[in-house]
Amino acid sequence: MLICRRIAELDRALSDWRRAGESVGLVTTMGALHAGHMALVAAARADHARVVATIFVNPTQFGDPKDLETYPRTEAEDLAMLKAAGVDAVLIPDASEIYPEGDETIVETTRLAGLFHGAVRPGHFRGVATVVCKLLNIAGPDAAYFGEKDYQQLAVIRRMVTDLHMKVRIVGVPTVREADGLAMSSRNVRLTPEDRSAAPVLSRALEAAAGERDVAAMEATIRRVVGEEPRATLKGLDIVRADTFTPAEGPLTAPVGIMISAQFGDVLLIDQREVSP
Ligand code: PAF
């Protein structure tokens, strides 16, 4: 596995592969890899001759500097996992490579970025869209793989790729969960043991809501189930039409996406579930 600290090193490998007519799948990550990331890698591995992964803790998508500072960094373990999964090249750039001196260009999905999770974390989706645009341009993959857990992130990336006529296929990969239902996340390691035990309340709430046939009933069920867990503070609850990403209401007549976020101590966790009529 090629480990590239500079974009130019990856460029050389990519041109060789392109010359040989090999297709490339891309998995972008911020490191601290877990089974959720490895599902993205496995999906890319199954579809492409070459798989490129990136590890870059993107400063522009963090609102709170403390969150950026404490974001887990586990490079040696990450590289071992990527190598074992058959990744061909990993790009681990410095921030100065991704944001060169004088950098002033941003990418923003103007409606989506300010809604839902974006309203709770201003600037977050601008940072995500900007860095994903840069990483897609750097690797020029045939397809890029993103987790469905980050439901709004996936919608933002799909919108950006459509709007900017980017020649890449975006593939959503289902959420991977712990045995007790907790969605895999790099943030889970920061939970105290007590909060770790409480955190599966999010998937229980989504499961209970999926049994309802009306959007108001779904919301009420989620508030009730999360409200029963004293360690969880519900921060965001949005139910959107899966096709338009606009707020859903009334009886369930088309697929909806339920997005929730909750605070456990100083860790914000998110989860998501799509429900069809
Ligand atoms: O989902 C993530 O890990 C990040 O938001 C991403 C897509 C790698 C951009 O920094």
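Just the heavy atoms: all of them, side chains too, but no hydrogens, waters or symmetry mates, feed the values below. Remember, it's 1-based here, ligands and their atoms both numbered in the order they're listed. Along the sequence shown, the residues carry numbers beginning at 1.
For T29, every heavy-atom contact with ligand 1 shorter than 4.0 Å involves the backbone, none the side chain. Under 4.0 Å from ligand 1, the heavy atoms of V131 that appear belong solely to its side chain.
At distances below 3.5 Å, not a single donor-acceptor pair connects side-chain atoms of D94 with backbone N or O atoms of S96. Side chain of Q152 to main chain of H117: a donor-acceptor pair is present (N/O by atom type, distance under 3.5 Å, no hydrogens or angles).
Among residues two or more places apart in sequence or in another chain, the ring pair (Phe, Tyr, Trp, His ring centres under 6.0 Å) test is passed with Y71 by F62.
For atom 1 (O) of ligand 1, the closest non-hydrogen atom on the protein side is Q153 NE2, 2.8 Å. With hydrogens left out, the protein atom closest to atom 3 (O) of ligand 1 is M30 CG, 3.8 Å, a heavy atom. For atom 6 (C) of ligand 1, the closest heavy atom belonging to the protein is T28 OG1, 4.2 Å.
Between Y145 and H48, the ring planes are perpendicular. Angles over 60° get that label, and only those under 30° would be called parallel.
At under 3.5 Å, not a single nitrogen or oxygen of H37, backbone or side chain, sits near a nitrogen or oxygen of ligand 1. By the 3.5 Å distance cut-off applied to N or O atoms, Q61 is counted among the residues near ligand 1.
Applying the ring pair (Phe, Tyr, Trp, His ring centres under 6.0 Å) test to pairs two or more places apart or on separate chains, those with a residue in residues 233-269 are F116-F245, Y151-F245.
Closest approach of A32 and T74 over heavy atoms only: CA-OG1, 3.2 Å.
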